[in-house]
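My questions will all concern the structure given below.
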Amino acid sequence: MKIPKNTKGVIGILTGGGDVPGLNPAIRAVTIRALREGYTVVGIRKGWKGLIDLIRDEKVDNSENYSILTEEMVNRIGRTGGTFLHSSRINPSKTSKSRVPIHLQDKYKAEVNDLTEEVLANLAFLNIDYLIPIGGDDTLSYAVRLYKEGFKVIAIPKTMDNDVPGTDYCIGFSTCITRTISLTHSLRTSAGSHERFLVLEVFGRYAGFTSILPTLAGAANRCVIPEHKFDINLLTQLMLEDRYKNPSRYSVVLISEGAAFTGENMTYLDSDMDDYGHKKLGGIGERVSDQMKHLSLEYNKGVPVNVINQKLGYLVRCGDPDAIDSIVPMAFGNLALDLIIKGIHGRLVTLRNGRYDNAPIDIVTSSKKIVDIDRYYNTERLRPKYKSFELQPLFLMTSL
């Protein structure tokens, strides 16, 4: 079925990258507001993949690639986690040969292919006038490409890592922090019962917001983040110091998955890379645990300290959104419609210094958003700096 033209306009919406709580509320907000303003809304399924897999033939069943959204449909899912449109990590501008759809394989035979021509043709086939992609810096980097090709794009930032430039807040971050704090406190009972180190690995490839904020809130004694390569000897001594001061004889450290030992690079699970050039991270928590147990012999008078090692992983990105990740997506969705109604495009909706706003979309690719360690991280104590909170935004060091 081809999408009929609408004199007001047809809006496409998609979700790319990892799932987070808050995506469905954002889809709901966009859809309900758009329908009430007279637009047609098309949900693109599986992120950018839906826009390369689509076959431009009205007789072909493309229901796996898109659907027309209704108020009844989005109301039903608006309170839930994940994304009912599904997601992928496909990059149409760098699509590997193995991921090129069958119907395009005669045309695109290189090891890496740019399918932007097909994406634009498919958007035209669907009569989509405006596109609202919801994603992190990878997903939105391709949105910048489409904007530069002349397509009307309004982007919504989403990522647990909270590292999309141009905005203080990204959908999914609050729920991630809330879950990390809760799970860490739950695991304390085991650490305390056995007088062990508790090592928790959390998401965060290039930015350490997901480990430094829970630590700031009191969930952990120490944290190591991607922005500062750490000395495992120092970490072990600090953890022993914390453990000794604790009447229950345990201590806790949060490890960003992108953290690295002094003189080393990130720890990868394997050498495979996604379409955005990222290898899959994982294992730094296990390495820290092994080395701290070994080093504890040296720094604890020959008595080893056992370790509880837990990777929180998908536990912090599954399930329902918290209050902030229910409210902010609603606002972001309506901000996107405000811009479309005004005839404005090429923008990223944002939350900056406690106020909703928008910024040029190419800010996503023009800068990096990471923890300012000089202002917020004590490299000698491997923990946040607890000072200068006056007039800071809600999530402190996430401000630009």
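Since the model is a prediction, treat every value here as computed from it, not as a measurement.
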Asn306 and His194, any side-chain heavy atoms less than 4.5 Å apart: no

Give a yes or no on whether Lys229 atom NZ has more than 12 heavy-atom contacts from other residues, nucleotides or ligands under 6.0 Å away. yes

Does the pair Asp168 and Arg352 meet the rule for a salt bridge (charged side-chain N to carboxylate O under 4.0 Å, His left out), with working shown? CA-CA 5 Å; Asp168 292 352; Arg352 293 187 287 188; over 6 Å; no

Examine the side chains of Thr350 and Thr167 and answer whether a donor and an acceptor come within less than 3.5 Å of each other. no

Hey, is the main chain of Val100 close enough, under 3.5 Å, to the side chain of Asn113 for a donor-acceptor pair? no

So, the side chain of Thr95 versus the backbone of Asn91: is there a donor-acceptor pair under 3.5 Å, distance only? yes

Would you say the side chain of Thr210 lies within less than 4.5 Å of the side chain of Thr180, judging by non-hydrogen atoms? no

Verdict with reasoning, Glu71 to Arg76, per salt bridge (charged side-chain N to carboxylate O under 4.0 Å, His left out): CA-CA 9 Å; Glu71 190 166 329; Arg76 191 170 63 250; over 6 Å; no

If you draw the axis of the six-membered ring of Phe261, does the NZ or CZ of Arg287 fall within 45° of it and under 6.0 Å from the ring centre? no

Please check: side-chain N/O of Trp48 versus main-chain N/O of Ser88, any donor-acceptor pairing under 3.5 Å? no

Classify the side-chain pair Glu118/Tyr108 by whether it contains a donor and acceptor separated by less than 3.5 Å. yes

Donor-acceptor contact present, side-chain Asn378 to main-chain Arg383, <3.5 Å: no

Interatomic spacing from CG in Leu85 to CD1 in Ile13 - rounded to 0.5 Å: 7.0 Å

Under a 4.0 Å threshold between the charged nitrogen and the carboxylate oxygen, would Asp53 count as salt-bridged to Arg99? no

Measure across Ala207 and Ile370 and return the closest heavy-atom pair with its distance rounded to 0.1 Å. CB-CA, 4.2 Å

Honestly, is Arg317 close enough over Phe203, meaning NZ or CZ under 6.0 Å from the six-membered ring centre and within 45° of the axis? yes

Within a strict 4.5 Å, meaning less than it, do heavy atoms of the Leu198 and Val253 side chains meet? no

Decide yes or no for Ile27 and Leu69: does some side-chain heavy atom of the first lie under 4.5 Å from some side-chain heavy atom of the second? yes

Can you confirm whether more than 12 heavy atoms, excluding those of Glu286, are under 6.0 Å from its CD atom? no

Do Lys385's NZ or CZ and the ring of Tyr376 fall within the cation-pi criteria of under 6.0 Å and 45°? no

State yes or no: do Leu115 and Val112 share one hydrophobic cluster built from I, L, V, M, F, W and Y residues joined by side-chain heavy-atom distances below 4.5 Å, directly or via other members? no

Do Asp163 and Lys369 meet the salt-bridge criterion of a basic N to acidic O distance under 4.0 Å? no

Does this structure show an ion pair linking Asp242 with Arg222, if we count only N-O contacts that are shorter than 4.0 Å? yes

Above 12 or not: heavy atoms from other molecules or residues under 6.0 Å from NZ of Lys8? yes

Indicate yes or no for a side-chain donor-acceptor contact from Ser256 to the backbone of Ala259 under 3.5 Å, with no hydrogens or angles considered. no

For the residue pair Asp322 / Ser174, report whether a side-chain donor-acceptor contact shorter than 3.5 Å exists. yes

If you round to the nearest 0.5 Å, how far is CZ of Phe84 from CD1 of Ile77? 4.5 Å

Compare every heavy atom of Pro133 with every heavy atom of Ile154, then report the nearest pair and how far apart it is. O-CD, 3.2 Å

Between Lys46 and Glu64, does at least one N-O distance fall below 4.0 Å, as a salt bridge requires? yes

Is there a side-chain contact between Leu235 and Val288 in this structure, where contact means two heavy atoms from C-beta onward sitting under 4.5 Å apart? yes

Residues in salt bridge (Lys or Arg N to Asp or Glu O under 4.0 Å) with Arg28, at least two apart? none

Salt-bridge present (Glu117, Lys107; N to O < 4.0 Å): yes

More than 12 heavy atoms of other residues, nucleotides or ligands under 6.0 Å from NE2 of His294: is that the case? no

If you look at every heavy atom in Gly18 and Leu23, which pair is closest and at what distance? O-CD1, 4.4 Å

Using 0.5 Å steps for rounding, measure from the OG1 atom of Thr70 to the CE atom of Met73. 4.0 Å

Going by heavy atoms in the side chains, are Ile324 and Tyr169 under 4.5 Å from each other? yes

If every non-hydrogen atom of Ile52 is compared with every non-hydrogen atom of Pro92, which pair is closest and at what distance? CG2-CB, 4.0 Å

Any heavy-atom pair between the side chains of Asp137 and Leu140 that's under 4.5 Å? no

Measure from the side-chain N and O atoms of Asn24 to the backbone N and O of Gly81, and report whether any donor-acceptor pair falls under 3.5 Å. yes

Using modelled atom types only, decide if a donor and an acceptor are shared between the side chain of Tyr377 and the backbone of Cys223 within a distance under 3.5 Å. yes

From CA spacing to verdict: side chain to side chain donor-acceptor pair (under 3.5 Å), Ser190, Tyr250: CA-CA 10 Å; Ser190 292; Tyr250 74 92; over 6 Å; no

Is it the case that the side chain of Asp231 and the backbone of Asn233 share a donor-acceptor pair, with hydrogens and angles ignored and the cut-off at 3.5 Å? yes

Asp19 and Thr83: side chain donor to acceptor below 3.5 Å: no

Write down the atom of Phe197, the atom of Leu240, and the distance for their closest heavy-atom approach. CZ-CD2, 3.6 Å

Within-4.5 Å side-chain heavy-atom neighbours: Asp362 and Tyr147: no

Let me confirm one number: the OG1-CD1 distance from Thr31 to Ile132, rounded to the nearest 0.5 Å. 8.5 Å

Between the side chains of Glu111 and Lys94, is the shortest nitrogen-to-carboxylate-oxygen separation below 4.0 Å, so that they form an ion pair? no

With a cut-off of 6.0 Å (strictly less than), are more than 12 heavy atoms of other residues, nucleotides or ligands near OH of Tyr244? no

With a sphere of 6.0 Å drawn around CZ of Arg56, does it hold more than 12 non-hydrogen atoms of other residues, nucleotides or ligands? yes

Should the pair Arg33-Asp338 be classified as a salt bridge under the 4.0 Å nitrogen-to-oxygen rule? yes

Group every Ile, Leu, Val, Met, Phe, Trp and Tyr by side-chain heavy-atom contacts under 4.5 Å, then state whether Met160 and Leu394 land in the same group. yes

side-chain contact (heavy atoms from CB on, under 4.5 Å) with Phe151: which of Val119, Ile128, Asp129? Ile128

Closest non-hydrogen atom pair between Ala260 and Glu264, with its separation: CB-O, 3.7 Å

Under 3.5 Å: donor-acceptor pair, side chain of Ser67, backbone of Val42: no

Whether Arg188 side chain and Ser251 backbone form a donor-acceptor pair below 3.5 Å: no

